[in-house]
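Written out below as structure tokens is the structure these notes cover.
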There are 2 protein chains.
Amino acid sequence: MTGGAVDQPPAFRAGLVPRRERADAARNRMQVLAAADRLFRERDPGTVTMEDVCRAAGVGRATLYRRYPDVQSIALALLDRHERDLQESLLRGEPPLGPGAPPVARLTAFYRAMVDLLERFGHLLRSVESGSARYGTGAYGFWFAHVRALLAEAGVAHPEQLADIALAPLSAELYHRQRTQLGLVPKEVADRLAWLAERLTG
Amino acid sequence: MTGGAVDQPPAFRAGLVPRRERADAARNRMQVLAAADRLFRERDPGTVTMEDVCRAAGVGRATLYRRYPDVQSIALALLDRHERDLQESLLRGEPPLGPGAPPVARLTAFYRAMVDLLERFGHLLRSVESGSARYGTGAYGFWFAHVRALLAEAGVAHPEQLADIALAPLSAELYHRQRTQLGLVPKEVADRLAWLAERLTG
DNA sequence: GCGTGAACCGGACGTCATGTCCACATAGTG
DNA sequence: CACTATGTGGACATGACGTCCGGTTCACGC
């Protein structure tokens with residue numbers, strides 16, 4: 001299967017459980033997320049509409065809007081677990097992804113992990129970023145803080161301003177172009193980014 | 001005024017003149033472009049709609065759709081002359097922007113010129129790029145070819161793949177974030193890109 | 001100047017997605 | 001087993017889209 005945070009009620013994750021999620025609600029939520037994941041994968045993620053998700057999931061409008069205000073938030077829900085996993089690895093995982101390795105190695109490992117994320121969930125990331133909401137998400141803030149810290153540790157001047165530059169090549173839309181239009185394979189993209197990591201922190 | 005290719009009929013630029021542009025057509029076209037430029041500047045460029053441009057220009061729907069299929073193409077029309085000017089300077093202008101200077105200097109000059117373009121016409125560029133059409137435009141193809149050639153001249157490996165990476169920090173949306181959210185001034189952005197240019201070509 | 005044909009214009013129209021609302025259904029509780 | 005809050009489906013009003021058509025206005029040739 002595709003994977004996704006399909007099996008965890010949002011209320012649980014949020015921490016405040018008013019009562020308990022009803023069985024029919026859970027069933028519908030899983031249908032919605034599964035249908036949405038399929039749609040994002042099949043079409044251009046920017047063209048998927050709430051209406052489409054309703055129909056594909058066999059669910060009424062109110063059911064959908066109850067939990068998700070727009071398609072981006074659906075993609076975000078599907079993405080959430082995987083992004084958190086990577087964030088956990090960055091904070092407390094083994095080096096070189098986690099703490100303990102020199103900045104160059106950690107930045108390179110981060111790039112490789114992000115390419116992996118882009119490869120597996122590029123369709124979701126493109127949907128989230130469409131509408132120019134890339135820099136508003138909490139995830140971007142996390143990547144930004146991580147890279148800024150690595151650059152600072154490497155002794156580079158203006159790490160705050162360079163972090164944005166270091167993250168720019170990880171745009172989902174750019175990755176999609178490199179894969180489809182330029183015909184690159186993931187390893188090539190990752191190797192180029194590894195080279196960039198050396199240049200930035202050297 | 002704001003500037004823009006408001007005073008040149010598209011048929012003239014295209015080369016094939018069927019007869020001559022009618023006076024009322026020219027008047028309406030200028031009204032449309034002026035109104036659109038104002039709208040893109042005032043609001044979030046992604047939210048400007050064809051309907052809005054109609055109302056602001058005091059013009060009917062057919063008048064607008066006759067020439068422009070969507071808002072992106074209006075922004076593109078306003079942008080066209082300025083992008084061509086820069087392209088001309090890159091091809092045949094004085095060094096370091098034009099030919100004759102070493103790659104590092106030319107890449108740095110290109111970055112500075114692009115920051116200037118982003119500063120003056122960021123509202124238009126953001127509109128064009130919204131809808132993830134950034135890599136489809138002819139302009140991106142031009143910048144891509146230019147940077148690839150400079151990287152190749154500098155003797156870097158894989159210039160084709162690195163050109164995308166070198167261009168990624170020039171995203172209009174990213175520039176907007178750096179100016180508004182991070183509070184950077186144009187010179188800071190340009191200096192950081194100049195540093196990047198040295199690292200990439202060094 | 002002045003007829004004439006083509007280019008151009010305004011606005012109406014059908015379609016589609018959006019987000020809200022309400023009457024009803026149903027799962028979980030006592 | 002009845003009761004209530006939660007969840008559900010679909011109708012509705014709104015607004016943008018893109019097209020079409022009847023009427024207007026301009027440029028050209030005389």
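Labels below follow one simple rule: chain letters A, B, ... track the order of the sequence lines, proteins then strands, and each chain is numbered from 1.
Ionic pairing of B/Asp24 and B/Arg27 is not present here: no N-O contact between side-chain nitrogen and carboxylate oxygen is shorter than 4.0 angstrom. Ion pairing between a basic and an acidic side chain is recognised when a charged N comes within 4.0 Å of a carboxylate O; B/Arg84 and B/Glu88 show no such pairing. Ion pairing between B/Arg67 and B/Glu21 holds under the 4.0 Å rule for side-chain N and carboxylate O. A salt bridge is absent between A/Asp85 and A/Arg81; no separation between the charged side-chain nitrogens and carboxylate oxygens falls under 4.0 Å. Checked for salt-bridge contact, B/Arg43 and B/Asp52 meet the test: a charged N lies under 4.0 Å from a carboxylate O. Note on B/Arg126 versus B/Glu173: salt bridge recorded, some NZ/NE/NH1/NH2 to OD/OE distance being below 4.0 Å.
The side-chain contact (heavy atoms from CB on, under 4.5 Å) test with B/Leu117 is passed by exactly one of B/Leu79, B/Leu170, B/Leu86, B/Leu124: B/Leu86.
Close to D/dG7, at under 4.0 Å from its OP1 or OP2, lies no side-chain N or O of A/Thr63. Between A/Asn28 and D/dG7 there is no side-chain N or O to OP1 or OP2 distance below 4.0 Å.
For residues 124-145 of chain B, the ring pair (Phe, Tyr, Trp, His ring centres under 6.0 Å) pairs, not counting sequence neighbours, are B/Phe110-B/Trp143, B/Tyr135-B/Tyr140.
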Report summary line: In B/S/- notation (B base, S sugar-phosphate only, - none; protein heavy atoms under 4.0 Å), nucleotides 11-18 of chain D written 5' to 3' is B----SBB
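One can place CG of B/Leu64 at 17 Å from P of D/dC20, the figure rounded to the nearest angstrom. Atom P of nucleotide C/dT18 and atom OH of A/Tyr68 are separated by 16 Å, given to the nearest angstrom. Between the CD atom of A/Gln72 and the P atom of C/dA17 there is a distance of 16 Å, given to the nearest Å.
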Might you list the N or O atoms of the protein lying below 3.5 Å from N or O atoms in nucleotides 23-26 of chain D, with each pair's distance?
from: D/dT25; atom 1: O2; to: B/Arg22; atom 2: NH1; distance (Å): 3.1
from: D/dT25; atom 1: O2; to: B/Arg22; atom 2: NH2; distance (Å): 3.1

